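Quick notes on the structure that follows.
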Amino acid sequence: MVMTERFDPATADIRWQRVWDERQSFRADDASARPRSYVLEMFPYPSGRIHIGHVRNYTMGDVLARYKRMKGFEVLHPMGWDAFGMPAENAAMEKGVHPGGWTRENIANMKAQLKRLGFALDWSREIATCDPEYYGHEQALFLDLYAAGLVYRKESAVNWDPVDMTVLANEQVIDGRGWRSGALVEKRKLSQWFLKITDFADELLEGLGGLDDWPEKVRLMQENWIGKSQGLRFRFRIENASAGLPDGFPDSFEVFTTRPDTLFGASFAAIAAEHPLALALAEKDAAAAAFIEECRKGGTTAAEIETAEKHGYDTGLTVAHPLDPAIRLPVYIANFVLMDYGTGAVFACPAHDQRDLDFARKYGLPVRRVVADGDRTDAVFPGDEAYTGPGRLVNSGFLDGMDVEAAKAAVIARAEREQWGSGETQYRLRDWGVSRQRYWGTPIPFIHCGACGVVPVPREQLPVTLPEDVDFKTPGNPLLRHSTWKDVACPQCGGAAQRETDTLDTFVDSSWYFLRFASQPVDKPFDREEIARWLPVEQYIGGIEHAILHLLYARFWTRALKRIGRIDVAEPFASLFTQGMVTHETYSRADPANGQPVFFTPGEVERGADGATLKADGAPVEVGRVIKMSKSKKNVVDPDEIVATYGADAIRWFMLSDSPPERDLPWSESGIEGCGRFVQRLWRLFAQYDAAVAGDDRPLDRKRDQIVVAVAEDIEALSFNKAVARIYELASAIEKAPPSASRSQAIRTVLLLVAPMMPHLAEEAWATIGEGLVADAAWPAVDAALLVEDEVTVAVQVKGKLRDTLTVAKGTAREELEALALASDKVQRALDGAEVRKVIVVPDRLVNLVA
RNA sequence: GCGGACGUGGCGGAAUGGUAGACGCAGCGGACUUAAAAUCCGCUUGGGCAUCCCAGUGCGGGUUCGAGUCCCGCCGUCCGCACCA
């Protein structure tokens, strides 16, 4: 076969994609004896079109999966669809289509787009969470968790989104607004299904410690989300309850503190404005009522509250210090105390808490040092900066001399002994409400019977499938008014009963899909032994936006399934990688009518060296910052168009080049053009392969082997930008080298190195150079002896400044290096007659002469 | 305000405490061509007529024979946030 002058992706891409399909090249073999590798990217929501962020995400995973195959692993690299969710219902309402039809059409389109990119995916394991074959098993697992006591119902105030007509998790409410609709959230009381994630708070927190290959940032975010704090809960007795409290109101209140060690530094107590005690006082005290009303104003975000000035209202009440009843502390209502956390009341130690100090200085309250700051031990605490560091306790009676941790334990022990308080662990994490008042989700498999109460759907009746004949002309959940689906006989008593019409949060669907990918029996969710063979996922790749919710829920489900004995792994994802976004500058003009910016797509704009003009009228547009691609800002490019113009390999190569994968990748037209040119450049290089040429080129052999090793390391570290740079380097070196057997070997090697990244080009060239498919080829072997350089360049410095370099044999003796350095003209000139007082020699690296 | 990350050419970025700017993009010059595209060769941190030198990794200090890298203090940008006691 003679190689054509140009590589034609339009024909080659599709040809090889068909070959891979027909041969099922990327089908994972459950029975394989090879070592296994499970590479997974977060599966997409089928919104309709693949966007450039997907391309980046899946290209990274694909390079790793293909590389692992070349290294001899049996690779599981599956793909599926997170197919339930609100956009389908929104489309149903807006366009009058069925959510299922809309979703399945989107899946078909996006699957074709993914295939067009040549990803090495095992499509035989494709999952759509909206298929009864999937969600029926989810219902069974939900019943298992129910049987294990990890699912319960409770009447509770929920976040009601009046636009989407659904309940939102606390985590899904952003600034009091629905995270999708942006509507102001109202409080409503409904009977809801909950998962007991709080039972796992400690486990989930502890487990983070073993996730060494997760980004520190994500672990920290989860840690803060779980929000464990240990401290002391104790009761303050009110000394002068008669001074304003209603008759019969408790004459004490509880506080929680994480700093019981600083108790002797207490100078006042503070309660939240919504605290029952504050509300009780407000009944008789108009000034207190006014203060509470004032506290309700202002924003609720942390930034707003933090910068707001501290305000307090002296209630006139005093409480007794638990360790020394002679000490009386005033009680304030304060705007910086939160009702939601702990007990809604605190004791304040101004010397060692910044907020308390700000407050104390403002209201002239005592500030007593109880933790030594180095040598500073006197009780009088100066300045406006609280000391929160470690140290010995001072001015604290029986605690004096202890360190902070010992003092905490001592106070808790005494409180428990004297029965005025107890050590307590607090979590911020709350149970996970999974009920959604929506049609397009997994039906919750329960039946409500007037006589029997809430009854699980019998196993043999699963799956509870969604009815197809629904309409969305009326707002609200169509399941509620679908009587033939909703009205059923009670499984227990046979009487008239109703199905649960709520469906599950879609985060449930994505909390176990990685298990179903690994094992897909018909009669059960998964097979325990097969899970044990594939899990945990070796490398999980996705966006940082899932750092908390999805990843925490998936960890919870995995642990819950382990606890009830269904699987043996505790953590689903051994290594996590969060990739950066694809960004582009924006183009806009102010709308003359209202001054709002009107955005234009990159295709509508002609970009010049210092500005941009609109193609339509030739007049300038404003060039905005480089930000994440989004439809609303129109700074998007369509992957399909790029593939049509440059081919799949060029866009894949662009996704891997230049920017480190965890950082944002700025899209550029010239960048993708450069990638397209490089594809052709490699094609021309591959055409120069000639097995008949003889002769060695040792330096080229060495370069080749060094780069093979380096590229492997880079891919394993997901440092694709570095791997790409090294491949450029090798390609350039080969182009400059004269013909030889070594050169032909190096060309063959470059082909194998780029095979995971540009698989179509590689297959096309391999068809003339190699045997079989490059998809089945092995990673190139290297000669270990060649990896070691026999000649090195040594830097020569005078007083730490580079003056010359020496090219010497590796391992040249120190004395010889020193002599060679001193013999250099440049060195002598720099020394300018000065006496060398000291010589530092790092063999094979440098000589530093200190004059 | 708190927590985290980051700060290197025109741009994206390389650099186990040891030759700063690999590699790519853009730009400039040249070759080829009737011409253009494509391709190939060369240059490309700033300054000084420079095969030579000076300065240079946000700013100011420090440690070290030697600092982009380590330490301290600032400044700036981005991300997250729940005053979590």
Side-chain angles (χ1 to χ4, degrees), chain A residues 5-6 170 175 215-217 220-221 224-225 227-229 231-232 255-260 262 270 272 300-308 310 334-338 340-349 352-356 358-359 388 426-428 544 547-548 583 609-610 626-627 653-654 657-660 662-675 677-678 680-681 684 719 721-732 735-736 793-806 826 829-830 837-842 844-851:
Chain A
E5 258 178 58
R6 279 182 66 81
N170 286 322
D175 293 344
E216 183 63 37
K217 177 169 55 170
L220 194 71
M221 283 165 85
N224 291 340
W225 194 261
K228 180 178 183 172
S229 57
L232 172 68
V255 300
F256 174 74
T257 179
T258 55
R259 291 298 301 272
T262 63
T300 54
T301 69
E304 281 176 292
I305 295 166
E306 284 276 4
T307 48
K310 307 277 181 289
N335 66 344
F336 68 90
V337 179
L338 300 179
D340 296 346
Y341 183 82
T343 60
V346 299
F347 89 83
C349 174
H352 307 291
D353 183 288
Q354 191 59 47
R355 290 157 303 170
D356 297 348
D358 293 345
F359 193 90
T388 54
Q426 287 265 338
Y427 294 96
R428 178 198 170 281
I544 187 70
I548 297 175
T583 59
D610 42 32
V626 176
I627 55 170
W653 188 252
F654 184 95
S657 302
D658 293 352
S659 288
E662 70 278 9
R663 282 199 222 169
D664 289 350
L665 172 66
W667 176 265
S668 80
E669 198 60 36
S670 53
I672 184 67
E673 281 170 17
C675 293
R677 281 197 299 270
F678 185 62
Q680 298 301 336
R681 185 175 149 202
R684 290 191 298 275
S719 298
N721 57 320
K722 288 192 241 173
V724 161
R726 293 188 211 276
I727 290 169
Y728 274 116
E729 201 183 327
L730 181 57
S732 297
E735 284 166 346
K736 289 183 174 67
T793 305
V794 173
V796 181
Q797 299 178 337
V798 176
K799 286 187 281 190
K801 283 197 163 201
L802 181 75
R803 295 298 173 184
D804 204 357
T805 57
L806 303 170
K826 291 175 185 172
R829 222 177 307 145
R837 291 184 289 111
K838 190 173 176 186
V839 181
I840 285 129
V841 180
V842 181
D844 300 334
R845 286 229 78 126
L846 69 71
V847 179
N848 188 8
L849 306 169
V850 185

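On a predicted model such as this, the values are computed, not experimentally measured, just so you know. Residue numbering restarts at 1 for every chain, and letters A, B, ... go by the order of the sequence lines.
Within the 4.0 angstrom heavy-atom criterion, only backbone atoms of the sugar-phosphate kind lie near Arg259(A); the bases stay farther away. At a threshold of 4.0 angstrom between heavy atoms, the contacts of Arg663(A) are confined to the sugar-phosphate backbone, with no base atom among them. Using a 4.0 Å heavy-atom distance criterion, Phe256(A) is classed as a base contact. Residue Arg803(A) is in sugar-phosphate contact alone, with no base atom involved, counting any heavy-atom pair closer than 4.0 Å across all strands shown. Counting any heavy atom pair closer than 4.0 Å across all strands shown, Val850(A) reaches sugar-phosphate atoms only and no base atom. Among the heavy atoms of the strands lying under 4.0 Å from Lys838(A) are primed sugar atoms or P, OP1, OP2 only; no base atom is included. Across all strands, Ser229(A) comes closer than 4.0 Å only to sugar-phosphate atoms, never to a base (heavy-atom distances). Among the atoms of the strands shown, none is found under 4.0 Å from any heavy atom of Asp356(A). Base contact: Thr793(A) has a heavy atom under 4.0 Å from a base atom.
With Thr257(A) contributing its side chain and Leu232(A) its backbone, the two residues share no donor-acceptor pair below 3.5 Å.
Between Arg355(A) and rC84(B) there is a side-chain polar atom (N or O) within less than 4.0 angstrom of OP1 or OP2. Applying the 4.0 Å criterion to OP1 and OP2 of rA85(B), one finds that Thr257(A) has every side-chain N and O outside that range. OP1 or OP2 of rA14(B) has at least one side-chain nitrogen or oxygen of Asn721(A) nearer than 4.0 Å. Contact annotation: Arg681(A) side-chain N/O to rA38(B) OP1/OP2 distance is not under 4.0 Å.
For rA55(B), the paired nucleotide is rU45(B), the pair qualifying as Watson-Crick or G-U wobble because both relevant distances are below 3.5 Å. Under the Watson-Crick and G-U wobble criteria, each requiring two contacts below 3.5 Å, nucleotide rA5(B) is paired to rU77(B).
Here rC52(B) is the nucleotide among rG4(B), rC52(B), rC40(B) with the atom lying nearest to any side-chain atom of Lys826(A). Across rC83(B), rU19(B), rA26(B), the shortest atom-to-atom separation from the side chain of Phe336(A) is found for rC83(B). Minimum atom distance to the side chain of Ile840(A) is reached by rC65(B), of the listed rG13(B), rA85(B), rC65(B). Ranking rC65(B), rU19(B), rG24(B) by closeness to the Thr805(A) side chain, first place goes to rU19(B).
In this structure, rG9(B) shows a glycosidic angle within 90 degrees of zero, which is the syn conformation.
No side-chain heavy atom of Asp356(A) sits under 4.5 Å from any side-chain heavy atom of Phe347(A). The closest side-chain heavy-atom distance from Leu846(A) to Asn848(A) is below 4.5 Å.
Under the 3.5 Å distance criterion, with hydrogens and angles disregarded, no donor-acceptor pair is assigned to the side chains of Thr583(A) and Arg663(A).
Nearest-nucleotide positions on RNA chain B for Ser668(A) and Lys801(A) put Ser668(A) closer to the 5' end.
Here the straight-line distance linking atom CD1 of Ile727(A) with atom CH2 of Trp653(A) works out to 4.0 Å at 0.5 Å rounding.
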